[in-house]
Structures are given as structure tokens and as C-alpha cells.
Number of protein chains: 2
Amino acid sequence: MRSPQRSRPDEATVARVTLELQRRFGNRVVTSLAVRQQHAHTTTWIPAEAPDVVVFPQSTDEVAEIVRLCAAEAMPVIPFGVGTSLEGHLNAPFGGVSIDTSQMKAIVAVHPEDLDVVVQPGVTRKELNEYLRDTGLFFPIDPGADATIGGMAATRASGTNAVRYGTMKENVLALKVVGPTGEVIRTGSRARKSSAGYDLTRLFVGSEGTLGVITEITLRLAGIPEAISGGTCSFPSVKAACDAVILTIQCGLPIARIELLDEVQVRGVNAYSKLSLPETPLLLFEFHGTEAGVKEQAERFGEIAAECGGTGFRFSTDPEERSKLWQARHDVYWASLGLRPGAKGVASDVCVPISRLAECLAETKEDIERSGMIAPIAGHVGDGNFHVMPLVMMEDPAEVERTEAFMHRLVERAMRMEGTCTGEHGVGSGKMKYLKAEHGVPAIEMMKLLKRSIDPDDIMNPGKIVAV
Amino acid sequence: MRSPQRSRPDEATVARVTLELQRRFGNRVVTSLAVRQQHAHTTTWIPAEAPDVVVFPQSTDEVAEIVRLCAAEAMPVIPFGVGTSLEGHLNAPFGGVSIDTSQMKAIVAVHPEDLDVVVQPGVTRKELNEYLRDTGLFFPIDPGADATIGGMAATRASGTNAVRYGTMKENVLALKVVGPTGEVIRTGSRARKSSAGYDLTRLFVGSEGTLGVITEITLRLAGIPEAISGGTCSFPSVKAACDAVILTIQCGLPIARIELLDEVQVRGVNAYSKLSLPETPLLLFEFHGTEAGVKEQAERFGEIAAECGGTGFRFSTDPEERSKLWQARHDVYWASLGLRPGAKGVASDVCVPISRLAECLAETKEDIERSGMIAPIAGHVGDGNFHVMPLVMMEDPAEVERTEAFMHRLVERAMRMEGTCTGEHGVGSGKMKYLKAEHGVPAIEMMKLLKRSIDPDDIMNPGKIVAV
């Protein structure tokens, strides 16, 4: 049976495992401090905790070998993609072996007729779409960073297209996973749907490496739309913008993207991306379909926006104009940093039912005011998901403390409004403290039961999601 | 610890539990043979196995009470909706208590702005849509029968709208579940998406009552489209029809429904529904959107159909004409029975990647020929899911045996083509024998591990999905 409290393997164990790995994988095993630290690098302010050793497998069988070796010594295993996670997912609080999937970049199979693709976990979303370009298909899930498919599956990632195309939950058809004893588990099939037993695929999607290492992913793809129309519309208030979003979704307009930037964010975007958008709350939107369809949909959206007080409605089917706009959207992180040189941007990720979005945003903006912070807001408002990014001078402890208190209030506000502490970033170690309040004790107990049953020795990314 | 092999509680135990239930729930506890047999009634040829007692709770707390009482005596618990399941899900091979949810029909809350609704499990899909009519919203999942929402969640049901709106997997936002010790577990929230821990909602969706009793469901709703266009197109062969489906989906046309009827099925439909459709393979289709959008989409589909040899393309936005057509589609079960008076229709439910659909259908039709059976085919072909319904004289053992052999070949064929033994009906006891071949040993072992860990005494719908 596993120990009640996970502990760090002693030096002798680490040395033994490292030697074994080196025997087997030679120079694909790295122990240099620089590389180990890089593998614990996270974009949060959670202190980095480096693994003891980093190994670069190339196949499912190699991952299985590594896990078996670690299992025999109760050595922690931390899967690594490209290190874009935001909640300390990649930290090694108990040391262990970081399994770097950057040499697992094979596109195993493309099935254009079935609109699916089978990939190794190290492929990034941009690499995949680059590869797919000539097929007329694309993979729509687009978190800000160019994350790996493995990491995106592990964190249940989404992005700006989720309102139309869903998240990784909806777009992973099947998985190959190496479990805690090194067994290779196949979940799901290429059939579009199935009722054949427990949904193991969804059990591993979002499990953040705590139940197994994802080594192969079968993804749904979408046809590249014949036509795309997109544009912007300004609003007198965040509330007015949210009303337009609610109406749009309620009347069944098949919007592909609808993003909110608050006036602070727009100011940053104007400066960074050399745009001259009116510095009031702004909606960016996009429709995917046929020529006539997207034109009509954009016009319908224009009417709805006007009803809600929207002004300066502009839309275009010109690819260049659109891509400039969406580039600006994807650059908000850098644009925000420009608002306060020298500051660090701290990510947040709450999601609420859209009926509460305006209220949640209003309270949050008041809170920002009161706290005297600079904190631009950008949101996937079609899903009720938004990111506030306080800009913090990390060398000022008082300011850091104020920011921590603000982040805490933000999450509690979202949960009070029937929302979640994380819409797409995941739990890692950063959000663990909120899970009980969000899910309640029985659900947390069930999550712990799943973790203990599947990984009794707690070797899979220990100290994340539910500490057991 | 649980016994290696589940056994039937002895008569004394049954008597004790029944008495306790009667003390607590009075005349909401029924032990009459007729009622018990009705609760084991299934539409398969799997012999009915009646529970020992039937109880009619009205709330989550009452279900929790019943489960605690059963848990104390290791008494099986079988949740019951309206008895439309097709694989013996409701049988009581070890006796036990059937929990009939027909008195749990409350619509707990409708949130039009968020496009979601919270319901008790006994509400049927038609009752729900009746209730929603004035909100401008609807619940799109439509299995043939007027099943309960609880049953649909438990079996991961879908239907004709799945190609556009997804299955229960995509449309259940949150659940309230009574676990094997009587604890009440809340899974998910009303947020559209979340990355906050393991996906307990998807663990229970499709678990067929083997992990807990679903007592409340939060569902996504869709806006009733402003316009709907639908129609039919005939094809020289099933292959030609499948090619049209693949092209339609590949070019990203947002089709809402696309159903195939083979020539045998069309013959039955013509006779039963007084239609005069050409008796060749037929596609029924429907688009949802704006006036101009659906017209354009139907026309685009007409072009694609023509490229593939489709003839007699007709579409209409007239509600009456459409509803007559879809009523005929939903009546295929009765229409089929008309093809062979006195015969029983045996349901099947394979699903394959659409690239293999034409091949799978062709081999299946040859097999039907060789077996000298009458077996109409109707399919949700946009998902690669189809139903062959052999019409069998049950009093002829040789014919029954031939049919069983055919059903076996059908499933093996689908699995050989990377498909699944059940696209939407579920496993129950009827499909258990295929799970190992479909998922492989490691996945089945993980399913058994989940079942054993969550329900160590095997009281939740024992003998279904994975026997442990």
C-alpha cells in the first residue's frame, strides 16, 4: 500500500534510476541543472521545482519502459510538452523524472474522409495545422500559446474557437496512455460516437498527467470553412457587450469566435499592435460558413450589437484584415505587459454562466479599481470564460500580497456565480486550494478515490489536482 | 471486501429490505409480479429478469435513503426510467430494488440566457421540449423512443441530431448522483467549460447505473433555429449515398440531420406512412440556421448529391412537409415490422468511421442476402452509426440461431473497421461479450478497477457493462 504522505525518493534511488535510464537511453537522458530547471519553468509565480532527471523518449514503448522503471522505485513521473502550462503543472515537488515528449512529433495518420488525425503528444497545434494545410482540414482548438497536443489534452485546453468547435473534451476521439504500472491503455476508437462502456478517454483528458502519460491522441478535425467573416464592434460598457453576446448565442447564430477586450486591454492592444480601436469595451467576432451565410450572419450580429448600444460595427471577409485583428488578439499578453513596463503578468482563468458574466466582470473591475491595480481583461465571452491579468512588480511584497488577495476574491466571486476556478488552464498545484469549495467534499473524495485506485503509489505527477 | 462473484441476496434479506422500504415509503413500494416484470421488460430478446421490489422515490434524498438501505444489506439497485433501453440494462440478474424515477419529473430550473436547464431524471425528452416550447430553446438529443433524460444520460444516448448537436456526452453539463454508499455527489457546474479536475460528469454519463444513480441533470439547450430546410434525395446505391455524406461533412456544411434508409427500409416506410418514395437508398437531410443560410446549404447539398449520382432531390422549408417526413423516419420500427407480420424486430447499433461506412453496409447487405433474412437498415450516417433490424420469427429456433450468428458477424465487422459495438444504445448485458475485443485487456481492466473501487460491494446495477 502507498504511504499516506508522498515523500521524495532518497539520493541512492535517484542515482539508481538515473543510471538505469542512462544505460537504456544514453544521451537522451539529461541531468544538467539548466535543463532540469527549464523543465520546471512555469509562467506562474509558483516557485519552480526542478525534476531530478529529464528523459526524451521517442515512442509509446519507450515511455512504458521509463514508467515501469520509475514504478519499481516509486519514482515520480512528470510528463512535459513545451512548458506553456500556467499553474505549476510541470513542477516536481517530490523530484522525479520529467518525460519530455519533444521527440514524439510524428503525425501517425491523417484520415481526411473521417476528419480525424492521429498524432504523438509532442506535436504542437501550429505544427499540426501547418501539416494539415493541404487537406482542407484544420484543428480548431487554439490556446494562446503554441502548446503541444499532449499538453492540451492533459489540461483540457480550449481557446477562442471553443464556442463553435468545443474544447479538447469534445475533440479528442481516442487516446493511447501509459498507466502507472507501465501498461499501455487504448481508450476510445475512431468511431464518432460510442456507448461501449466507461468513458476512459474523458477520464484522461484533463487529468494533467496524474493518472497516466498520454502517448498518442486521435483528434477530430474540422473542414476549413469556405468563407469567414469577422470584425469588431465597440460598446459603451462591458454589460452592453455581454448582452450582445447572450442575444447572439440565444438566437442560435453559429458564431465561431466572440472575444471581449475591456477598455484597458484595448489601450494596450492599440499601443502594441499599432491599431486605433476606440478605447471602450470591444467585441471581436468571426463567423465560419458559406459566402452568403457568413455575410448574413455578420449582418444579423450587427443588428443585435446595435440593439445593445454597439457602435463602429465593422466586418470584413478579407483574410489580411482579419488576421491582423486576430494577431492583435493573440498578442494581448505582450500588449498588456506594455501597459506597465517591468511588471509581470499574472494569469487568471475563471468561467461563469454567461448570464452572470456582466455582473462578474463589473464586480471584478470595481475590485481592480479599489485595489489600485492595472489589470487588463480579455475573455472568451461566448463561453463565459475570461482572463484578468494583473500587472505586478514582483519585488514589491505588499503589491504581490494585494494581488494574491485579489486573485482569491476573483475565484470566490466566480464560484459564487456557479462558475469554475479554471475554464481552460487546469488545476496544477496553483488551483488545488479551490477544488473543494467548487466541487464539494463528495466529488473531491471521488476524485481522490480515482487517483488512489489508479495510481496507488502516487508516482504520476504527484502533488497536482487532488493531493492524496 | 466484496465477494469475487456477486450472488443473489437470500429471501430473508429481501424480506427485511422490503419491509424497511415499506415502512419508509408506504404504497410507493410495489412487489406485485406484474409491476416487477414490467420493470425488467426490455425490447431485446434477452430474457427478462425481474427485480424483487420496485420503489418510487421523489427526491435525491429519498434515492440516497434507498441506496443506504440497500448498501447495508448488499442489495442490488437498478435505476429505471421508462424502460426503453435495448440491451437488458434494466434486468435484475441478482434480484434487488428497481428505483423507478417516474415520480421525479420536476423541471428544477430553466436558464434561458445560459441555454441550460436542470431536470430530475424522470422527465422524458418530449416532456422537456414541450415545457421549453415558449422559451425559443430546445433539447436536441432525440433517440427513437421518448426516453427519460436520466436514462439517456446513463446510456450516453444520441439520435438524428447528433451530427450537429452532439450526444449526451456533449450535452450534459452537470449531474447530481447518489453513489453506492448513499452519498450525494455533485459533478460539474453550469459553467460552459472547466478544467477543474477529473471529469466526473463524463464518468457517470454512459455508466448505465453501475456507478451510481443519476438524480439531477443539467443540460445544454440550443436555440430553436430561425429557419429549417430539409428534404430527401435518392441514390443508385448505398455507396453513392455514403459518398454524398462524406463530401457534405468534409466541406464543412453544417448539416443538422442526415439519415440513410436502404431500399428495404424505404419499402417499409412507403407502405406504413403512405408515402411514394422511390424504393432505392434514400438520404433524409435537414439544415438549421437563417432563412438564406439554410436555403443556400440545402442547395449546396443538392449539388454534392448530384455529383454522387443522387436523383429526385427535393427540399422544403414547409414545417408540415418536413414533420411528415421525419415522423416517417421515427416510425421506421413500426414500418419495418410491417415488412414481416408476426416477426420480432431485433435492434443492432454498430458505428464505424464514415470512410468505412459504405464498405461496412455493403458487406452487411451481402450477409443479409446470404442469411436469407429480411433486415431493413436505417442509419445516422453523419456519425457512421447504423441500425440493422432483422425481422425474426422467435418461435423458429433455427432462425433465431441464424440471426444471433448474423448479429455477431455484424459487430465483428464494425470492430474490424475501427468501429464500436454500440454507437448509442449502450452495453447493458447484451453487449458485454464484445467489450474486450473492442477495447483490449488493459482498458477493460481499468474499467473493472473503476467499478470495483467506486462500488466494491457491486450493488449498483450488477452484471452490466463489466462483470466484476
Side-chain angles (χ1 to χ4, degrees), chain A residues 111 113-114 155-156 158 162 167 170 183-187 189-200 202-203 206-207 223 225 246 250-252 254 290 292-293 296 351-355 383-385 418-427 435 438 440 442-443 446-447 449-450 453 465, chain B residues 111 113-114 155-156 158 162 167 170 183-187 189-200 202-203 206-207 223 225 246 250-252 254 290 292-293 296 351-355 383-385 418-427 435 438 440 442-443 446-447 449-450 453 465:
Chain A
H111 304 103
E113 288 189 314
D114 297 312
T155 53
R156 204 180 296 126
S158 47
T167 71
E170 288 80 18
E183 77 277 26
V184 177
I185 305 156
R186 219 172 16 80
T187 77
S189 74
R190 293 206 305 113
R192 286 317 239 190
K193 63 183 196 183
S194 173
S195 290
Y198 304 140
D199 190 345
L200 298 183
R202 247 51 56 183
L203 179 65
S207 64
I246 290 172
Q250 239 177 339
C251 76
T290 60
E296 186 196 27
C351 183
V352 296
I354 54 176
S355 65
D383 302 309
N385 182 204
E418 300 181 76
T420 176
C421 64
T422 172
E424 55 184 11
H425 293 172
V427 178
L435 290 191
E438 178 169 336
M446 172 139 310
M447 290 189 195
L449 175 66
L450 293 174
S453 311
I465 302 188
Chain B
H111 305 103
E113 289 189 315
D114 297 313
T155 54
R156 204 180 296 125
S158 47
T167 71
E170 287 81 18
E183 78 276 26
V184 178
I185 304 155
R186 218 171 17 80
T187 78
S189 73
R190 293 206 305 113
R192 285 317 239 191
K193 62 183 195 183
S194 173
S195 290
Y198 304 140
D199 190 345
L200 298 183
R202 249 48 58 183
L203 179 64
S207 64
I246 290 171
Q250 239 176 339
C251 77
T290 60
E296 185 196 26
C351 183
V352 296
I354 54 176
S355 65
D383 303 310
N385 182 204
E418 300 181 77
T420 175
C421 64
T422 173
E424 55 185 11
H425 293 171
V427 178
L435 290 191
E438 177 169 336
M446 171 138 316
M447 290 189 196
L449 176 66
L450 293 174
S453 311
I465 302 188

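Not measured: the values here are computed from a predicted model. Every chain is numbered from 1, with letters handed out A, B, ... down the list of sequences.
In this structure, chain A has heavy atoms under 4.5 Å from both the backbone and the side chain of B:Cys351. Residue B:Asn385 touches chain A through its side chain alone, counting heavy-atom pairs closer than 4.5 Å. Within the 4.5 angstrom heavy-atom criterion, only side-chain atoms of A:Leu450, from C-beta onward, approach chain B. Of the atoms belonging to B:Pro225, not a single heavy atom falls under 4.5 Å from chain A. Both the backbone and the side chain of B:Ile354 come within contact range of chain A, judged by heavy atoms closer than 4.5 Å. Using a 4.5 Å cut-off between heavy atoms, B:Glu296 touches chain A through its side chain atoms alone.
Just one residue in the list B:Arg190, B:His111, B:Glu113 forms a side-chain contact (heavy atoms from CB on, under 4.5 Å) with A:Pro353, and that residue is B:Arg190.
The most heavy-atom pairs under 4.5 Å with chain B, out of A:Gly223, A:Ala292, A:Cys421, come from A:Ala292. For the options A:Ala162, A:Ala196, A:Gly293, A:Ser189, heavy-atom pairs under 4.5 Å to chain B are most numerous at A:Ala196. Ranked by heavy-atom pairs under 4.5 Å with chain A, the first of B:Thr422, B:Ile185, B:Leu449 is B:Thr422. The choice from A:Ile465, A:Val352, A:Thr290, A:Ile246 that makes the most heavy-atom pairs within less than 4.5 Å of chain B is A:Thr290. Counting heavy-atom pairs closer than 4.5 Å to chain B, the top-ranked of the candidates A:Met446, A:Glu183, A:His425 is A:Met446. Counting heavy-atom pairs closer than 4.5 Å to chain B, the top-ranked of the candidates A:Gly426, A:Gly423, A:Pro442 is A:Gly423. Ranked by heavy-atom pairs shorter than 4.5 Å toward chain A, the options B:Ser194, B:Ala443, B:Ala191, B:Ser158 are led by B:Ser194.
There is no side-chain donor-acceptor pair under 3.5 Å between B:Thr167 and A:Lys193.
With rounding to the nearest 0.5 Å, the separation of CE in A:Met447 from CG in B:Asp199 is 8.5 Å.
A side-chain donor-acceptor contact under 3.5 Å links B:Ser195 to the backbone of A:Arg156.
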